[in-house]
Amino acid sequence: MWRLRLSQGDDEYDDPFLTSFNNNVGRQFWEFDPIPGTPEEQALVEKARADFTKTRHQIKQSSDLLMRIQLAKENYCGQPDLARVAKVENEEEITEETVVNTLKRALRFYSVLQSEDGHWPGDYGGPLFFLSELIIGLYVMDTLETILPNEHKREICRYIYNHQNVDGGWGLHIEGSSSMFCTTLNYIGLRILGQEIDGGDGSMHKARSWILHHGGATYTPSWGKFWLSILGVYEWDGNNPLPPEIWLLPYFLPVHPGRMWCHTRMVYLPMSYLYGKRFVGPINDIVLSLREELYNQDYNHIDWNLARNQCSKEDLYFPHPILQDIIWKCLHEFAEPLLMRWPFSKLRNRALKTVMKHIEYEDVNTNYICIGSVNKVMNMLCCWIDDPNSIAVKRHLSRIKDYLWVAEDGMKMNGYNGSQLWDVALAVQAIVETNLTNEYGSMLKRAHHFIKMSQITRDSSGDFSCWYRHSSNGAWPFSTSDNGWPASDTTAEGLKAAIMLAELPSEIAGQALEKNKLYDAVDFILSLQNSNGGFASYELTRSYAWLEMINPSETFGDIVIDYQYVECTSAAIQSLKQFNKLHPDYRSEDIEACIDKALDFIESVQLPDGSWYGSWGVCYTYGTWFGITGLIIGGKTYENSSCVRKGCEFLLSKQLPSGGWGESYLSSQNRVYTNIRKNDDDDKSVSLSHVVNTGWAMLALIEAEQGKRDADPLHRAAKVLINSQMENGDFPQQETIGVFNKNCVISYSAYRNIFPIWALGAYLNKVLMITRP
């Protein structure tokens with residue numbers, strides 16, 4: 001039986017290689033317990049698995065039922081004094097009692113999911129390339145059997161098969177149409193895990209047929225070519241160069257990697273090491289067999305120079321500009337041959353040593369978690385190549401479980417080690433918005449504890465600027481303190497939540513965060529404003545948008561630099577405004593100037609139709625919620641701001657006949673607002689509401705005082721949320737609602753609970769109780 005463990009080290013195994021800044025607060029991982037659960041538990045788990053598999057082509061996102069089954073047994077408090085869930089009919093008026101009962105039921109259920117340390121655990125998966133990269137990495141390190149024993153393999157295979165498309169391929173993510181990148185990687189991953197060529201009840205044959213029908217594995221994009229080269233089923237000569245010497249360039253050059261977005265920088269850092277080494281794992285029977293299985297021609301006759309720039313049209317989201325191809329050709333034909341020969345090989349060796357030092361710095365300052373799963377696996381492999389018996393390798397292996405998550409669809413790999421702080425900060429605001437103090441219980445005290453324990457109270461070690469890191473003292477991370485990477489919006493949301501909790505009685509929320517720690521958070525936020533008033537995600541924007549022309553990924557958009565975002569900028573405005581009310585004597589002039597510039601930025605990036613493009617959530621609904629809220633908190637109103645009016649008009653124009661909003665991830669990918677459509681053969685023309693999109697739209701409209709002008713759209717939307725609630729107080733898991741780099745979705749599993757609670761709380765207190773006697 002799989003068991004979720006929370007905020008624990010590996011005490012059971014006395015793991016000496018696990019390090020932590022705060023005694024593992026926020027850590028979440030799954031372990032297989034050979035002792036079976038009760039017959040009732042086993043029946044619930046098997047039913048959840050069977051139900052998911054049965055509907056996997058219609059409902060792509062799991063509902064985290066294994067976690068819910070476990071926590072319901074451990075924490076269940078019941079709902080004895082609440083009436084059964086009642087549906088609100090179309091013409092029926094919503095009563096205050098109905099909303100309060102819905103919120104009470106939702107809060108009591110959500111309290112069941114909270115851990116002792118205050119965070120809400122959950123799935124942060126969705127992309128379908130994470131797992132196979134881990135499998136390849138562990139395989140070439142000869143640690144696969146140790147780290148992924150049979151129980152893990154079984155659940156990984158379940159997950160990969162569950163998310164195979166009808167045509168035999170796998171998409172970039174669980175919602176996506178088939179791509180060469182993920183079809184090739186997942187096919188290889190299954191083969192390494194022991195699946196036969198024609199195994200999986202014909203699924204393997206369908207996958208291989210898809211690959212061959214679309215040209216073979218030479219048409220996988222650059223990230224796929226990279227991993228295939230490491231495994232030995234593709235030649236390094238078929239890759240565009242990733243020279244580690246770029247790390248030796250002077251920093252003033254715009255193309256220096258220290259100026260790039262930190263995720264891109266941290267991924268291409270180990271990539272350049274592995275490319276510079278031309279590392280290839282052991283050539284064995286499975287590798288030789290894959291060389292035959294993946295191509296339409298004999299492996300030894302493949303033209304690797306031609307293959308370098310081949311990419312399947314299904315994967316080609318960001319085509320190479322001609323200039324980029326010229327650069328790669330020159331590096332490949334002239335620079336690389338020189339750097340492989342003495343005396344220029346000395347420069348290559350020096351570059352590799354420099355890169356390895358940067359890898360070690362990232363590892364140590366993140367407790368070997370790293371900024372994300374992609375560079376985590378690569379860094380681990382680099383450390384193993386450098387010294388297979390090193391402490392660094394052992395510490396990396398200890399942290400793999402932090403990325404693995406088990407649900408009814410199987411075992412997946414998260415993009416981060418979770419979204420713990422982000423979810424807690426948003427959940428606090430949602431809970432406080434309800435104003436149902438008798439329902440808070442210990443939730444806010446626990447959440448406050450987690451927020452206080454998760455604040456980063458140090459800068460990265462040594463002279464962090466030498467490692468191209470921004471100051472982190474006073475910031476909050478996206479996940480846990482052990483991850484160590486600060487972000488602008490997570491810090492802003494953490495600060496907002498900390499201030500809200502400080503204004504509540506201590507018997508409800510616990511002791512307030514110390515004043516100097518609030519000051520540190522404000523200093524961090526102010527340090528991240530760019531000259532145009534906008535805020536990027538992790539650091540200042542360090543280079544120019546034209547550098548996107550050297551984006552080599554083919555698959556992702558806007559990855560080269562850290563762009564400014566409406567979400568980050570709005571969150572900064574909201575947190576600084578809230579702080580300034582509580583502490584008007586601290587840097588008041590700086591805060592006022594910052595907010596004024598930030599407001600100008602938000603207005604400047606509004607689109608002609610009144611929307612804002614959301615880069616971290618789907619999509620225009622998400623961005624417009626932040627855009628409107630930032631402007632209003634910053635002092636604008638519906639009456640004096642055409643931007644607010646246009647934003648409200650945009651949202652109202654997208655409300656569905658059902659009363660809700662439902663936006664597809666295709667909006668992010670294609671940059672055109674697209675409704676969610678029914679995903680079956682009955683009627684794909686029907687647009688569907690989504691509880692999270694509906695929550696975002698309601699919050700924006702309520703902030704803009706829509707209830708005073710015409711409350712009917714809000715009443716209709718509230719009915720959608722009320723009628724969506726399940727009997728136990730939970731809300732249904734619908735389409736994936738998170739996104740990154742324009743083209744890839746990722747799960748924010750807590751949103752299905754947070755945003756209905758938040759929106760209905762705001763509706764109750766700012767609409768229903770004001771507009772009705």
Side-chain angles (χ1 to χ4, degrees), residues 85 88 94-96 98-107 109-110 120 423 425-436 439 493 496-497 500 567 570 574 614 617-618 620-630 632-633 647-648 650-652 654-656 658-663 676 688-708 710-726 729-735 737 748-771:
V85 172
V88 183
I94 300 175
T95 65
E96 182 181 326
T98 299
V99 180
V100 168
N101 276 338
T102 302
L103 285 169
K104 284 183 176 180
R105 187 178 285 103
L107 289 170
F109 176 82
Y110 202 43
W120 281 269
D423 292 340
L426 296 178
V428 164
Q429 296 173 68
I431 294 166
V432 171
E433 188 71 66
T434 68
N435 202 27
L436 298 175
E439 299 298 321
E493 299 295 347
K496 283 167 62 181
M500 280 186 177
E567 303 101 302
S570 172
Q574 296 175 54
V618 177
Y620 294 98
T621 325
Y622 186 67
T624 303
W625 168 47
F626 274 102
I628 290 174
T629 305
I632 290 174
I633 298 299
C648 291
F650 170 81
L651 289 175
L652 292 171
K654 300 302 180 184
Q655 189 171 24
L656 298 171
S658 65
W661 282 260
E663 189 177 1
I676 297 171
L688 302 178
S689 295
H690 194 296
V691 294
V692 178
N693 287 132
T694 301
W696 291 337
M698 284 182 69
L699 287 168
L701 292 169
I702 291 170
E703 195 67 50
E705 298 185 324
Q706 177 67 31
K708 294 182 179 179
D710 176 11
D712 182 64
L714 297 172
H715 297 323
R716 293 169 57 218
K719 287 179 184 178
V720 169
L721 297 184
I722 292 167
N723 291 340
S724 296
Q725 189 175 43
M726 300 158 66
D730 201 359
F731 287 88
Q733 177 64 59
Q734 298 167 297
E735 286 77 6
I737 206 71
Y748 285 83
S749 300
Y751 281 11
R752 66 196 261 206
N753 301 101
I754 292 171
F755 287 103
I757 291 171
W758 195 343
L760 287 173
Y763 172 74
L764 173 68
N765 293 296
K766 296 178 180 177
V767 179
L768 205 57
M769 296 178 71
I770 292 176
T771 59

- [ ] Mind jotting down which residue pairs meet the salt bridge (charged side-chain N to carboxylate O under 4.0 Å, His left out) criterion with at least one end in residues 717-726? Sequence neighbours excluded, please.
- [x]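 The answer is none; no pair qualifies.
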
Open item on the list: Name the residue from L651, L699, N693 that meets the side chain to side chain contact (heavy atoms under 4.5 Å, CB included) definition with W625.
Closed with: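 Going through L651, L699, N693 one by one, the side chain to side chain contact (heavy atoms under 4.5 Å, CB included) with W625 is satisfied by L699 alone.
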
TODO: Applying side chain to side chain contact (heavy atoms under 4.5 Å, CB included) between L760 and each of I722, N765, T98, report the one that passes.
DONE: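 Per the side chain to side chain contact (heavy atoms under 4.5 Å, CB included) rule, the option paired with L760 is I722, out of I722, N765, T98.
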
Nearest 0.5 Å, what's the [atom1]-[atom2] distance between [X] and [Y]?
X    : Y    : atom1 : atom2 : value
Y763 : I94  : OH    : CD1   : 3.5 Å
T624 : W696 : OG1   : CH2   : 11.0 Å
L656 : E663 : CG    : CD    : 10.5 Å
R752 : D730 : CZ    : CG    : 4.0 Å
W758 : M698 : CH2   : CE    : 13.0 Å

- [ ] Search all heavy atoms of I628 against all heavy atoms of A700 and return the closest pair with its distance.
- [x]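 Shortest heavy-atom separation between I628 and A700 comes out as CG2-O, 3.7 Å.
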
Task: Exercise: identify the closest heavy-atom pair between P713 and Q706 - done: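 Closest approach of P713 to Q706, heavy atoms only: CG-NE2, 4.2 Å.
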
- [ ] State which residues pass side chain to side chain donor-acceptor pair (under 3.5 Å) with E703; sequence neighbours excluded, sorted by chain then number.
- [x]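 Testing E703 for side chain to side chain donor-acceptor pair (under 3.5 Å), a comparison that skips the adjacent residues, returns none.
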
Open item on the list: Applying the ring pair (Phe, Tyr, Trp, His ring centres under 6.0 Å) criterion to W120, which one of Y748, Y110, Y751 satisfies it?
Closed with: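 The option that passes is Y110.
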
